[in-house]
2 protein chains.
Amino acid sequence: MLDERSIKVLWAVINSYINNPDPVGSRYVTRKYSLEFSPATIRNIMADLEELGFLSQPHTSAGRVPTDKGYRFYVENLMDENVCCHKGLIDSLTRRLEDLREDIYTLLDETTRTLSIHSHYLGIAVSPGPDGSTLRRIELIPYSDDRIAVILFTNEGIIKHKILKNNFSFSRNDLNKIARYLNREFSGYTIKEIRQRLLEEMAKDKELCDTLISQALSLCGDVMSCYGANVFISGLTEILELPEFSDIEKIKEISRTIEDKHAVIKLIDSLADAEGVQVVIGAENRVEEMKTLSIITSTYKEGDKPAGVVGIIGPTRMDYSSAISLVDVTARFLTEILDEGGHEWRKGR
Amino acid sequence: MLDERSIKVLWAVINSYINNPDPVGSRYVTRKYSLEFSPATIRNIMADLEELGFLSQPHTSAGRVPTDKGYRFYVENLMDENVCCHKGLIDSLTRRLEDLREDIYTLLDETTRTLSIHSHYLGIAVSPGPDGSTLRRIELIPYSDDRIAVILFTNEGIIKHKILKNNFSFSRNDLNKIARYLNREFSGYTIKEIRQRLLEEMAKDKELCDTLISQALSLCGDVMSCYGANVFISGLTEILELPEFSDIEKIKEISRTIEDKHAVIKLIDSLADAEGVQVVIGAENRVEEMKTLSIITSTYKEGDKPAGVVGIIGPTRMDYSSAISLVDVTARFLTEILDEGGHEWRKGR
DNA sequence: TATTAGCACTCTAAGCTAATGAGTGCTAAA
DNA sequence: TTTAGCACTCATTAGCTTAGAGTGCTAATA
């Protein structure tokens, strides 16, 4: 599709633009990348690349700037894949996350911080949602006369808790009985599966009319229903340093995006199924406010089930090769941590 | 100190400036506030007020702008105190926080959101720290072969949990015994008190050499040590709409402030002891990056002990009367909620 | 035929000037 | 004591010019 010369020029333009957000001129390309052609020739090639949609001109007498299509081509064909010396990242991940292995929320929060510091873009992480979390155990503890605390332990070390008001007042003994029942029935399943089974069981239960069990099921349902994915984002300070965010309107957009965590979950969820690192460039994105941003994500796993997502959000003019490998490394790191935390449990299951 | 005329003028200037961040001119004051003097007279008065430090001029031929001292005088003497029609706020607090009574973290998070929406400034909340939290009960639950989950229930409905690796492997029975011991010893005390007593007990324990108990104490200490206050801030989108934040540098400052939660805790802590609503205006603040911001806080209580802090951060040009009553109402509301959640427990104590 | 040198042309960014106007301080009159 | 009048200051804006970077086209060159 593109001859070697065009590719060289395209690469040069994108590479230069990633390092410095000034439109790239023909003269500059020949000089800086010491190509064996004159500026005039480069101009012709650039004109061709523009016609093909890989480059564009902000105005007639300016240099060229990559388009989304240009970046896409770059990511898929031209990128330097061997940016693997993330010693620094691994070090700081290890250092920061060491003590947090068992509390995945703090862990993810710290992860986003580490990602943003190393990438200078926004770091983002989504905790396992109902599909990704496996129930390990459920505990019921009396809290006050008419309230009980329901505590869910999951495989990822998440502990979800809720204090529920209940009409019947259970003895500690009752609670133990209920808990034992629930554990027997549900532990080892994902939250999503449990929700489904709860519906079935509760339908069945209408016939059984066992108050204790039906109470148990409804308790369980209450907690499950508020079990959602959680988003962590950090690095606002980092991206404010980028020249593309010197415009107030742009900043407002970003801030709206960040504060609306609901929208972020939705966005990320659509990328969660795919294997490996996902790259969405600029207008490929569906969300209006992110059409000038790129997002790179990868899923971390718990066992072999995808659990949650980590990633980076930055301008389309992003250092893709570095960002992609950062995300990749981080996702693998998290997967490993979850593995260590959970293996003795999976063995016993 | 100030005659009635000067006060009228000062009030007019501040009132006008709060509504619209343009330097206020003498002509404008006579017109808008229909004072019985000519612009020339007003000018004289303004010159006096400037000399006294209540007003200042951005440049020679501009109108006047209130100084921090001016705002301080306004807040203490001139403010309209009867801005109590916070029906909307109470409604939305009630609606949003209804389901969250027992999870104070989510509760505070939602509170900041509500505060920011109603004030159009940053909403801020700090959860009870070790001084404010009273231990209600402690539970120990086996998590895996070599780990146990320690769960703290506090009076504010906070549940703090940590999963600890321990060298000895305790039976469920052992754990129950330990838990009973810890509850007998420590429930009803604040976290801070417990930390102190732990130190004493552990010193004593050297003589006793009771492994189970000493293990219990060390477990307890581990969890206690990570018990800190938690900050919630929201409303970035709101304050970005204000004209004072049209400058990128200002935004960077704010974003640094927001992301450094540690600094915020420190700042807020210094205000936590005082009774009622606290107002810190501009450079009265110690933190360099907040010298152009004002902060309004109030403590919410649990029983009669101060628990945590809620507040608003905005520009010095802030609608103080509305902001102050917003914060006041919100703090009372939280206190009430905590009271409802906890009273049956305190009865029994 | 592919490449390149040369040149006229385009467009932005930066700097300069002048005009505008809001607001002041001072003085002298009421 | 208050106020009208007036000269003065200074930020803001618009208009204009210049410099410079980069282009596209054409004609010469290898």
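Every chain is numbered from 1, with letters handed out A, B, ... down the list of sequences.
Between A:R64 and A:E50 there is a salt bridge, with a side-chain nitrogen of the basic residue lying less than 4.0 Å from a carboxylate oxygen of the acidic one.
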Sort me out a list of protein N/O and nucleotides 16-20 of chain C N/O pairs below 3.5 Å, or just none if empty.
none

Please list each protein N or O that sits under 3.5 Å from an N or O in nucleotides 19-26 of chain D, with the distance.
unit_1: D:dG22; atom_1: O4'; unit_2: A:S61; atom_2: O; d: 3.4
unit_1: D:dT23; atom_1: OP1; unit_2: A:S26; atom_2: N; d: 3.3
unit_1: D:dT23; atom_1: OP2; unit_2: A:S26; atom_2: N; d: 3.3
unit_1: D:dT23; atom_1: OP2; unit_2: A:S26; atom_2: OG; d: 2.7
unit_1: D:dG24; atom_1: OP1; unit_2: A:R64; atom_2: NH2; d: 3.0
unit_1: D:dG24; atom_1: N7; unit_2: A:R43; atom_2: NE; d: 3.0
unit_1: D:dG24; atom_1: O6; unit_2: A:R43; atom_2: NH2; d: 3.1

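For A:L35 and C:dT3, the CG to C1' distance is 14 Å, given to the nearest whole Å. If you take CD1 of A:I42 and P of C:dA2, they are 16 Å apart, rounded to a whole angstrom. Summarising the geometry, the separation between NZ on B:K32 and C1' on C:dG23 is reported as 18 Å, rounded to the nearest angstrom. In this entry the distance linking CG of B:D48 with C1' of D:dT2 reads 14 Å, nearest Å. Atom pair A:R5:CZ and C:dA2:C1' shows a separation of 8 Å (rounding to whole Å applied).
Residue A:S38 places none of its side-chain N or O atoms closer than 4.0 Å to OP1 or OP2 of C:dT3.
Checking side-chain atoms of B:T257 against main-chain N and O of B:E253 turns up a donor-acceptor pair under 3.5 Å. No side-chain donor-acceptor contact under 3.5 Å links B:E238 to the backbone of B:Y121. B:S119 places a side-chain N or O within donor-acceptor distance of the main-chain N or O of B:L115, the cut-off being under 3.5 Å.
Nearer to the 5' terminus of DNA chain D, by closest-nucleotide assignment, is the contact made by B:E36 (compared with the other of B:E36 and B:P58).
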(request) Could you give me the CA-CA distance, side-chain angles and deciding distance for A:D328 and A:S325, then say whether side chain to side chain donor-acceptor pair (under 3.5 Å) is met? (result) CA-CA 5 Å; A:D328 192 38; A:S325 74; over 6 Å; no
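The number of heavy atoms from other shown groups lying within 6.0 Å of CZ (A:R27) does not exceed 12. Around atom CD of B:E4, no more than 12 heavy atoms belonging to other residues, nucleotides or ligands sit under 6.0 Å away.
Using modelled atom types, one finds a donor on one side chain and an acceptor on the other under 3.5 Å when comparing A:S294 with A:Y320.
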